[in-house]
Each structure stands twice: as C-alpha cells, then as structure tokens.
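Side chains are part of it too, since the values below use all heavy atoms of this structure and drop only hydrogens, waters and symmetry mates. Chain letters run A, B, ... following the sequence lines, proteins first and then strands; every chain starts at 1.
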There are 2 protein chains.
Amino acid sequence: MYQILREHIEKIVPLSDEEFAFVARHFTARKYKKHQFLVQPGDAVKHYYFVVSGLLKLVYTDEDARQHIVSFAMKDWWEGDFYAFYTQTEATLSVECLEDTEVLCFSLQDYRDLCNGLQKMERFFLEKVNFGFLAAQRRIISMLTSSAKERYEQLIKQYPSLVQRVPKSQLAAYLGVSRETLSRLYQ
Amino acid sequence: MYQILREHIEKIVPLSDEEFAFVARHFTARKYKKHQFLVQPGDAVKHYYFVVSGLLKLVYTDEDARQHIVSFAMKDWWEGDFYAFYTQTEATLSVECLEDTEVLCFSLQDYRDLCNGLQKMERFFLEKVNFGFLAAQRRIISMLTSSAKERYEQLIKQYPSLVQRVPKSQLAAYLGVSRETLSRLYQ
DNA sequence: TCATATTCGTGAGGTAGGTCAACAGTGGGT
DNA sequence: ACCCACTGTTGACCTACCTCACGAATATGA
C-alpha cells in the first residue's frame, strides 16, 4: 500500500528510506465501500486523499439536486475538496466511492509538516499541482471548443480504462451532457 | 514596476531586501502594444509573464480559426502558455495584448533558479498554482452547471472591472457563447 | 479629417442537446 | 431465488444557443 505511494512520489523526487519513512508517518490508511461518502457538503474537511486502489468521484450537486462530476480518481491519483481542505472551510463538494476504495490520507497539518520538513515534498506537490492545473485548463478548452461527441471521444482516448469501469450516466455527468444524449451518440 | 511584483509576492511570503534583489534579478521588464502577440502557436515559449499594467488574453484558436479565451490577465496576474513553457514544447496557445501592457517575465531556467535558490519562492509558486487550480476547477463547475446568462452574471460579479475594459465579443469568447447570444441576454 | 475597422444590436431560421416518459436487461443483496 | 434498484436505450417534443445577414454607432489611425 505504502509502496504505491513511494513509487508515485519517486517518479518526481527520489527519496532515501529515512525520508520515505518520514513521509509515510504523515499518511493514514483507510478503506471505504462502494457508495460510501468520504466527504459530504457541509462537512469539515479534515483530509485529502491519495487513491491506492478503487475509484472515487468528486461531485458538485446543484440546487436541483443534479450531480456534476468535477473529477474521477483512480489508483495513483489524488482527490478531495481541495478548496475546503486548504482553507479549512465547509465542504461544498462531495467525494464518493464508485468502487470499494483504499486510500492514504493526510490532514492540512500533515501537509504543512511535509512541506516544511522535507523540501522534496514541497517540490513534489508543486509539480503535481502544476500538472493538475494544466489538466483543468485542457478540460476548459475542451468544453469551450468541442461538442458532446467530441468530448466523449477525447475521454475514451485519454482514459479508456475509466470508460470501462464507470456507468455511462456518470460519464455523462462528467462531460456535461444528459445520459440520454450520451446514449444516442453512437446509435 | 518591481515594487508591484514585490508587494504581490509579499502577500504570500515576506522577503528581505537581499532576497527580493535576488528575485528581481531573474525578471526582465518588457512593454507591448495593444494587439501585439507575446506568444503565438508554434513559437518556442521562452517566457512566462507577470502583468504589471495593461491586459492580456490567453487564446486557443481552433481549426475553424475561432478564438476561445482560456483566461484574461490584468495587473498582478500571471499569464502564458504554461504547458509549452514548462515542458519546453511549441506553443499551442497564443498570448495577446488587449491594451498596451507592461510585464515582468522569466525563463524556465530563471524559474528553476528561483525555486532552488530561495525556498520561499517555491512556497510562493506552490501557493499561486494551488489557487490557480482551484479557480480553474470553479470555472469547470460553472460550465457544467450554469447557463450562458448565469455565467455572464458570475463574471460580472467576480471581475466587474474586466467587464468594463473588454469588448463583449471577447467576454463571449471567454464564456463560450456567441457574441450575438451575449448581446441578447439583457435586451 | 476622412476612411476604415471595430463594436454592438437585432431578425430569421437552424440544430445540438435537454426533458419527460416508457421499457427492457442486468446484477446485488437478502 | 427472488426482488428491486440500477443501467442503457429510444421516441416525441422543447429550448437554449448558433449561424448568417444586415445596419448603425463609435473608435482608430494615416
């Protein structure tokens, strides 16, 4: 379990055994069942999550109770209501399991201790969020320029394994179309 | 000019005079005229930009030559084709002046030297990109949940000064609607 | 100062995608 | 082994927004 985290971090910054031991001390392992919520709107957000196995979704639920999927997270990805976590405010998003899921999570204090105690970890987080920002920017461009069908094809191309594992209704909620429209794209 | 940069950085990390002198050495001042391009698709992207005065837009131009605005940048904001800058690949986006603009820019080597030479700057960049990521996530949610009119109202609320300075056609290209539709929203 | 863009508004008609409803197949849970 | 929720599909109709076209007002620059 921790080995996956170590490999993930070492893709960006190599660590000695002692350094990784320091890192690992700041993470807590948790297991959740399919359909379980890790975060719900209004919660105090104590943790941010690294997915070891399984599948999560980050969801915004609007006034009409419609669900819009901000992001998915599979093995090796990070997930959480980052705004609420980082600013220690109430959650506006929810995090929910689409499959049984194992995570390693940390608190904001852990995050700060990691950044302050080991400069490599600050470098690691900077690198991660840089690419997270770019991924978000690409998605914005995709939403500005492409039709539902084109966005669906981009998703299939970019994350083929996700499309296998997730119900189409969930993909529709991620793409920003109704499930009926998604169903009709390839009739 | 450099004072604006200093104040901007010191909102996040306080700096001594020597530290700021070190930082300032890595920035170059430039001036551009309205309609001038700082970056065009295909360019080698040598710089990332901090806006001192004026107004920039970051644009994706699709195959039909339609312009889609990824972001605006006014005083105190950062702008550039970050992906091409960071990975040293050819620009896919363009950066163009909507007004006469003064910037401070740095190269990727400068960025690395800043991060390595002064841990506070790495902290600063981490903080900045964290909030940049969150802003992008908010925009994605807005595009998933809101109509053209609602998105326009959110824009007016969030950046009233921008709406004053920018032609409606440009706001439309940012919101992802045609200028005709935007024009009809409040008829 | 004049010529030319640029900007904004508006009409008419088209289309991608939404909504509501019904139905069939599937799979998990007890 | 059965039930029920979940999932995907399709039809009929609706609407938000797009496209093309035209015209007027304003800004820009030689």
Side-chain angles (χ1 to χ4, degrees), chain A residues 32-37 54-55 57 59-69 72 96-101 140-156 162-187, chain B residues 32-37 54-55 57 59-69 72 96-101 140-156 162-187:
Chain A
Y32 298 91
K33 289 281 173 195
K34 186 171 177 174
H35 295 133
Q36 215 176 336
F37 284 86
L55 184 56
K57 63 175 176 179
V59 173
Y60 175 76
T61 306
D62 67 23
E63 319 79 52
D64 304 328
R66 268 179 239 270
Q67 295 205 343
H68 306 271
I69 296 182
F72 295 104
E96 187 181 348
C97 295
L98 288 167
E99 302 174 358
D100 293 356
T101 302
I140 288 169
I141 291 174
S142 166
M143 294 173 95
L144 285 173
T145 59
S146 306
S147 67
K149 182 166 185 173
E150 289 164 337
R151 296 203 303 279
Y152 186 44
E153 282 163 0
Q154 290 163 16
L155 184 66
I156 292 169
L162 190 71
V163 179
Q164 306 303 322
R165 287 162 74 177
V166 176
K168 294 239 170 82
S169 61
Q170 301 294 299
L171 298 178
Y174 175 83
L175 293 170
V177 296
S178 68
R179 70 192 173 82
E180 294 94 329
T181 294
L182 191 67
S183 169
R184 272 187 263 260
L185 288 180
Y186 288 98
Q187 61 166 6
Chain B
Y32 299 90
K33 287 282 173 195
K34 186 171 177 174
H35 295 132
Q36 215 177 336
F37 284 88
L55 185 56
K57 62 175 176 179
V59 173
Y60 174 77
T61 306
D62 68 23
E63 320 78 52
D64 305 328
R66 266 178 241 271
Q67 294 205 343
H68 306 271
I69 296 182
F72 295 103
E96 187 182 349
C97 294
L98 288 168
E99 301 174 357
D100 295 355
T101 301
I140 288 168
I141 291 174
S142 166
M143 294 173 95
L144 285 173
T145 58
S146 306
S147 68
K149 183 166 184 174
E150 288 164 337
R151 296 203 303 280
Y152 185 44
E153 281 163 0
Q154 289 164 16
L155 183 67
I156 292 170
L162 190 71
V163 178
Q164 306 304 321
R165 286 162 74 175
V166 175
K168 294 238 170 81
S169 61
Q170 301 294 299
L171 298 178
Y174 174 85
L175 294 170
V177 295
S178 68
R179 60 173 196 90
E180 293 94 330
T181 295
L182 191 67
S183 168
R184 273 186 261 260
L185 288 180
Y186 287 98
Q187 60 169 2

Counting only distance, no hydrogens or angles, is the base of dG9(C) paired donor-acceptor with the side chain of Arg184(B) under 3.5 Å? no
Should the side chain of Arg179(A) and the base of dT9(D) be counted as holding a donor-acceptor pair, with the cut-off at 3.5 Å? yes
Measure CE/Met143(B) against P/dG17(C) and give the value in whole Å, please. 14 Å
Is there a donor-acceptor pair under 3.5 Å between the side chain of Glu150(B) and the backbone N or O of Ser147(B)? yes
What is the distance, to the nearest angstrom, from the CZ atom on Arg165(B) to the C1' atom on dT7(C)? 18 Å
Start with the C-alpha gap between Tyr186(A) and Glu153(A), add the side-chain angles, then the distance that decides, and say whether side-chain hydrogen bond (donor to acceptor under 3.5 Å, both in side chains) holds. CA-CA 11 Å; Tyr186(A) 288 98; Glu153(A) 282 163 0; 2.5 Å; yes
Polar side-chain contact Glu180(A)-dC20(C) base: donor and acceptor under 3.5 Å: yes
Roughly, in whole Å, what's the span from OH in Tyr186(B) to P in dC8(C)? 16 Å
Without decimals, in angstroms, what is the distance between Glu99(A) CD and dC6(D) P? 17 Å
Look at the side chain of Ser183(A) and decide which nucleotide, out of dC8(C), dT10(D), dG17(C), has an atom nearest to it. dT10(D)
Distance in angstrom units between His35(B) NE2 and dT6(C) P, rounded: 7 Å
Name the closest nucleotide to the Pro167(B) side chain, picking from dT7(D), dT19(D), dC8(C). dC8(C)
Given that Lys34(A) and Ala148(A) both sit by DNA chain C, which one's nearest nucleotide is further toward the 5' end? Ala148(A)
Answer yes or no: is there a donor N or O on one side and an acceptor on the other, between the side chain of Asp62(B) and the main chain of Asp64(B), under 3.5 Å? yes
Does Asp100(B) reach the main-chain N or O of Lys33(B) with its side chain, forming a donor-acceptor pair under 3.5 Å? no
For Leu175(A) and dA16(C), what is the distance between atoms CG and C1' respectively, to the nearest whole Å? 15 Å
Without decimals, in angstroms, what is the distance between Leu171(B) CG and dC8(C) P? 8 Å
Roughly, in whole Å, what's the span from CZ in Arg151(A) to C1' in dG17(C)? 10 Å
Below the 4.0 Å mark, does dC18(D) have OP1 or OP2 next to a side-chain nitrogen or oxygen of Thr181(B)? yes
Side chain to side chain donor-acceptor pair (under 3.5 Å), paired with Glu99(B), selected from Lys34(B), His35(B), Arg165(B): Arg165(B)
Any base atoms under 4.0 Å from Ser169(B), or only sugar-phosphate, or nothing? Heavy atoms, all strands. sugar-phosphate
